[in-house]
Number of protein chains: 2
Amino acid sequence: MAGNTSAPGVTVTSRVLALLGAFDEHHRALTLTDLARRAGVPVPTAHRLVAELVAGGALARRPSGEYVVGRRLWDVGLLAPVEIGLRRVAEPFLHDIHAATRATVHLAVRDGSEVLYLERMRGRASVPVVSQIGSTLPMHCTGVGKVLLAHAPDEVQRQVLQSLQRVTRYTVTQPGLLQQQLEGVRRDGVATTSEEMTLGACSVAVPVMRDDEVVAAIGVVVRSLKRDRAGLVAALQVAAQGIGRSLG
Amino acid sequence: MAGNTSAPGVTVTSRVLALLGAFDEHHRALTLTDLARRAGVPVPTAHRLVAELVAGGALARRPSGEYVVGRRLWDVGLLAPVEIGLRRVAEPFLHDIHAATRATVHLAVRDGSEVLYLERMRGRASVPVVSQIGSTLPMHCTGVGKVLLAHAPDEVQRQVLQSLQRVTRYTVTQPGLLQQQLEGVRRDGVATTSEEMTLGACSVAVPVMRDDEVVAAIGVVVRSLKRDRAGLVAALQVAAQGIGRSLG
DNA sequence: GAGATCCTTCCGCTGGGCGAAAGTCCAGTG
DNA sequence: CACTGGACTTTCGCCCAGCGGAAGGATCTC
């Protein structure tokens, strides 16, 4: 407890969490000044708190002076049961798809109005892939995202459809066109993208159902859908059904 | 700052880290009282700090009243660059082994006097596997562990060899015998176990070299090594060499 | 119904935590 | 090589955030 603070009522715990929250996938290494700024705490305060986090292994300081998330948080973070049942059940099926297609394979769920990637098995081919486990990407321009959006509550669809950000020049940004695509996804049970998220990368995805509800999406990322689109869809659907059955 | 504390000098940050550190792979869900006990803080203090961690998403409280690690720590933990270069380079090779063998595949490094599992790709066969990503297991009774132990500094080998815990009735607990096995591992470049860690599970592992130094081990877990031991070893060695080359 | 355990709330006490200011260090620039 | 700017470190008077024993409520078990 400090007194003499510029922010009465802000606790040490909340400052610690703010400092840890300063890191994200675009900011994996931060200087002390950056950390303080992003966490909204004065530099000397950040300096003291960060030193304790380093001592406890929650953060680590590189020779360059930048801080990164430490091993202790890696350990603890792995214990978080984020969709653990789904991930455990899906893993063998994802391996099957990966072995059969050699493409990047995804398992994702809806996270508000974005897609959260739970598993990513990178393929061997040099197709650019921006996702990683734990990352969130937009729903309107990813295969798994379109699947999850097509089956999202009306309110989520409305929210997403009214702010369609362009990511590449192929990104669908007209609400009407995307709406039509989502109807097609609901009808056919398959979503595709063509360089809408990343140039040089196309994707195809299908829903994972449990009790008539879409709980996740699985998909692959390839250079082109022209070759063997039907085979990819078949493999994904077989795996999705296997996962759905195993979820009980 | 608080005053009026039973533990002068103990900071809020260190208490927070102690609470988070109360979780481990054998304690993934904890009651408030358990948390307080394991963190060494009085229950009302734990109550207050835990409530803040829950509010910040670092912990989550289940309907049963038990606490688990929350989504925010999963997010932050994933940002920790724990052997990230090695894991990234190794991933495709591990997929190759997995596709070829259908067995559980491991990538591990030495962590003091234990093995730290960086990757685990579960196989389809019902071979019991106790490892998981982020877990540490003993070196003397796991395949990857024997590889890493064989190439560990003398001090580490001495330390491990003088306290060999029995895990199953097949665990090697005589230092002399293990020493001979380690010599064989250094000579042949392969380590094996037979139900030494888990009944019903055998393993085979090889080292990953970079600049004549063992930086990791990869291995597979199977029901029996009697079938196709040579094939498993060949696949592992090819992959290990690929990883080593890619590490530069 | 009693007992044990867990969880929640209270509140007087107090020193942990606060951050502006000053100083040090280092990289970049002219 | 000297100077500048920015990052980082240290100081220390101030003060209220945090402390936890005690008490009470809730729940589970026998």
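In the text below, chain A, chain B and the rest are named by the order of the sequence lines, each starting its count at 1. Side chains included, hydrogens not; waters and symmetry mates left out as well; all remaining heavy atoms used.
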message: Can you give me the dot-bracket string for DNA chain C, 5' to 3', counting Watson-Crick and G-U wobble pairs with both distances under 3.5 Å, using [ ] for crossing pairs and | for partners on another strand?
response: ||||||||||||||||||||||||||||||
field: H95(B): ring-ring contact (aromatic ring centres under 6.0 Å, His included) partners, not counting sequence neighbours
entry: H95(A), H98(A)
- request: Could you tell me whether the side chain of R72(A) and the main chain of G57(A) form a donor-acceptor pair under 3.5 Å?
  value: no
- request: Report yes if some heavy atom in the side chain of T136(B) is under 4.5 Å from a heavy atom in the side chain of Y117(B); otherwise report no.
  value: no
message: When you compare the side chains of H106(B) and S131(B), does any donor N or O come within less than 3.5 Å of an acceptor on the partner?
response: yes
message: Looking at R88(B), is its backbone amide N or carbonyl O close enough to the side chain of R122(A) to form a donor-acceptor pair, meaning the two atoms are under 3.5 Å apart?
response: yes
- request: Measure from the side-chain heavy atoms of V12(A) and tell me the nearest of dT8(C), dC18(C), dC19(D).
  value: dC18(C)
message: My understanding is that only residues two or more places apart in sequence, or in another chain, count here; which of them pass salt bridge (Lys or Arg N to Asp or Glu O under 4.0 Å) with R15(A)?
response: none
- request: Start with the C-alpha gap between V144(A) and I218(A), add the side-chain angles, then the distance that decides, and say whether side-chain contact (heavy atoms from CB on, under 4.5 Å) holds.
  value: CA-CA 6 Å; V144(A) 288; I218(A) 55 175; 5.7 Å; no
Nucleotide N/O to protein N/O under 3.5 Å, stretch nucleotides 26-29 of chain D:
none

task: Look up atom CG in L148(A) and atom CD in E114(A), then write down how far apart they are to the nearest 0.5 Å.
output: 12.0 Å
message: Can you pull out the residues from residues 47-64 of chain A that lie within a 4.0 Å heavy-atom distance of DNA chain D?
response: H47(A), R61(A)
task: Pick base, sugar-phosphate or nothing for P44(A), based on heavy-atom distances below 4.0 Å to the nucleic acid.
output: base
statement: On DNA chain D, more 5' by nearest nucleotide between V10(A) and Y67(A) is Y67(A)
From L17(B) atom CG to E52(A) atom CD, the distance as rounded to the nearest 0.5 Å: 8.0 Å
message: Quick check: on DNA chain D, is the nucleotide nearest T11(A) upstream (toward 5') of the one nearest V43(A), or the reverse? Name the residue that is more 5'.
response: V43(A)
query: Taking 4.0 angstrom as the limit, do R71(A) and D75(A) come out as a salt bridge?
result: yes
field: H140(A) side-chain N/O to Q165(A) backbone N/O, donor-acceptor pair under 3.5 Å
entry: yes
query: Side chains of R166(A) and T173(A): do they bring a donor and an acceptor to under 3.5 Å?
result: yes
Contacting residues from residues 17-33 of chain B, given that a heavy atom lies under 4.0 angstrom of DNA chain C: T31(B), L32(B), T33(B)
- prompt: Reckon V41(A) touches a base, only the sugar-phosphate, or nothing at all at heavy-atom distances under 4.0 Å?
  reply: nothing
Q157(B) to A150(B) - nearest heavy-atom pair and separation: NE2-O, 3.5 Å
